Protein chains: 2
Amino acid sequence: MDRRQKKTRRAILASFRALLEKKRYEHITVQEIIDGADVGRSTFYSHFETKDMLLDALAGEIFQHIFEDDPCPWVGKDGELEGKLSHILWHIRAERENLAGVLLSDSGELFMGYFKNHLKAVFTQYIDNFTQDVPRGFLIEYLSGSFAETVRWWIKEGMKTSPEDVAKYFMGMVNRK
Amino acid sequence: MDRRQKKTRRAILASFRALLEKKRYEHITVQEIIDGADVGRSTFYSHFETKDMLLDALAGEIFQHIFEDDPCPWVGKDGELEGKLSHILWHIRAERENLAGVLLSDSGELFMGYFKNHLKAVFTQYIDNFTQDVPRGFLIEYLSGSFAETVRWWIKEGMKTSPEDVAKYFMGMVNRK
DNA sequence: AATGATACCGAACAAAGTGTTCGAAATATA
DNA sequence: TATATTTCGAACACTTTGTTCGGTATCATT
């Protein structure tokens with residue numbers, strides 16, 4: 001990939017992210033984005049078909065890092081839900097600047113939607129070892145919603161709590177005795 | 001209020017709601033709304049300052065009914081969280097057509113935001129009788145997110161489960177032994 | 001019914017935003 | 001240096017927004 005392309009793409013995404021912290025997504029114009037990125041109008045449209053595609057690209061880029069299965073310093077049992085969640089929380093902390101900007105913005109709910117979809121996939125996969133007396137569909141929606149909101153609380157609090165404690169709170173709520 | 005005003009307002013809201021089931025909020029134009037409502041352009045703007053105000057009005061109208069404290073056939077202990085939630089669930093079922101249209105739409109996350117804000121107020125009020133070993137702020141976010149998602153699941157499933165069972169599932173998840 | 005008051009219509013308007021095109025200029029790669 | 005690729009920027013047609021205003025329809029009252 002050409003250096004110029006990478007540079008331009010990064011500039012556009014950065015400008016877009018900065019604008020998201022100031023106003024709602026639907027009120028952001030392409031003109032503002034390219035002004036912030038210092039990029040020509042036609043250049044923008046050669047990179048992104050539409051503003052929605054830019055949103056998808058940004059969300060994809062952020063959550064891709066968080067939900068990938070690469071190794072991380074976290075130690076714990078693999079294949080179990082608690083381990084997977086700790087893994088994810090660790091990645092989230094590594095991406096805190098990026099995530100905080102979008103999840104706490106006025107368009108936060110938009111990104112919560114993306115976030116919950118990723119989480120649903122995770123819970124769908126890991127829910128087997130988690131027998132319950134409630135319907136499976138209910139459980140997946142419940143866990144995705146509560147975990148996403150837990151993470152947003154964590155970020156809002158400035159991540160004072162450790163990822164381990166967050167996972168503990170969450171699992172404690174889910175499986176309290 | 002004049003009959004004409006009520007009629008026009010209802011027509012606009014109905015048209016808006018119908019459009020929300022077809023496309024995302026930000027792609028809906030005022031032109032489409034007034035075409036669907038069969039109403040003049042200036043009339044629209046004499047009722048709603050902007051499209052965002054229309055969104056607020058719709059959300060307000062829907063959730064107002066759900067969160068009001070009027071009497072309902074549900075019987076249970078007042079002043080307790082479980083009772084309050086049953087009350088809310090009962091109202092939700094009464095408004096199912098309205099709620100399903102917006103919560104399951106492509107703009108669902110937008111309305112989930114409104115929904116969660118209302119829920120936060122409820123949980124903030126009722127959380128006292130609910131001592132936990134987790135931070136209060138965390139608890140409120142957690143419960144709002146999980147309850148909102150629970151309700152969306154309920155609606156998506158066609159509300160086959162009874163409100164009582166939904167409340168049971170939810171409280172069971174929150175306070176399992 | 002007649003009469004004010006009020007709400008609606010619809011056409012026209014300026015302003016702003018969208019998405020495209022194209023030749024010239026800048027920059028990468030070999 | 002030569003060549004391919006990317007960017008620039010201005011111009012373009014088009015859509016959407018929000019306002020204005022004179023004329024018309026509808027309401028509540030007597």
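Each chain gets a letter, A, B and so on, in the order the sequences are listed, and its residues count up from 1. This structure is a prediction, so every number in the text was calculated from the model and none was measured.
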**Item:** Length of the line joining F48(A):CZ and dT7(D):C1', which is rounded to integer Å
**Value:** 15 Å

**Prompt:** With distance as the sole criterion, do the side chain of R4(A) and the base of dT7(D) form a donor-acceptor contact below 3.5 Å?
**Reply:** no

**Over-ring placement of K116(B) relative to F123(B), 6.0 Å and 45° cut-offs** = no

**Side-chain donor-acceptor pair present, D52(B), H27(A), cut-off under 3.5 Å** = yes

**Complete:** Note: S107(A) and L20(A) closest approach over all heavy atoms is OG-CD2, 3.9 Å

**Prompt:** Atom CG of D38(A) and atom P of dA26(C): how far apart are they, to the nearest Å?
**Reply:** 15 Å

**Request:** Round to a whole Å and report the spacing from CG of D52(B) to P of dT16(D).
**Result:** 17 Å

**Request:** Considering just the side-chain nitrogens and oxygens of Y45(B), establish if one lies under 4.0 Å of OP1 or OP2 belonging to dG18(D).
**Result:** yes

**Request:** For F44(A) and dG17(C), give me the distance from atom CZ to atom P, rounded to whole Å.
**Result:** 14 Å

**Request:** Starting from P on dT7(D), measure out to CG on D2(A) and report it in whole angstrom.
**Result:** 7 Å

**Message:** Side-chain N or O of H47(B) versus OP1/OP2 of dC8(C): is the shortest distance under 4.0 Å?
**Reply:** yes

**Request:** May I have the distance from E26(A) (atom CD) to dA16(C) (atom C1'), rounded to whole angstrom?
**Result:** 17 Å

**Prompt:** Which part of the nucleic acid, if any, lies within contact of H27(A), taking any heavy atom under 4.0 Å across all strands shown: a base, the sugar-phosphate backbone alone, or nothing?
**Reply:** nothing

**Item:** Whole angstrom value for the distance that separates P of dT17(D) from NZ of K51(B)
**Value:** 6 Å

**Complete:** Ranking R41(A) and I28(B) by the position along DNA chain D of their nearest nucleotide, the one closer to 5' is R41(A)

**Message:** Using heavy-atom distances to pick each residue's nearest nucleotide on DNA chain D, tell me which of Q31(B) and R3(B) is more 5'.
**Reply:** Q31(B)

**Asked** Which whole-number value in Å describes the distance from M1(A) CE to dT27(C) C1'?
**Response** 16 Å

**Asked** With respect to the side chain of T50(B), which nucleotide from dG17(C), dG18(D), dT17(D) is positioned closest?
**Response** dG18(D)

**Asked** Just wondering, are more than 12 heavy atoms of other shown residues or ligands nearer than 6.0 Å to NZ in K22(A)?
**Response** no

**Message:** Ring of F115(B), cation from K120(B) - is the NZ or CZ under 6.0 Å from the centre and inside 45° of the axis?
**Reply:** no

**Touch class at under 4.0 angstrom, heavy-atom based, for S42(A) against every strand present** = base

**Request:** Return the nearest nucleotide to the side chain of V39(A); candidates are dC8(D), dG19(C), dT17(D).
**Result:** dC8(D)

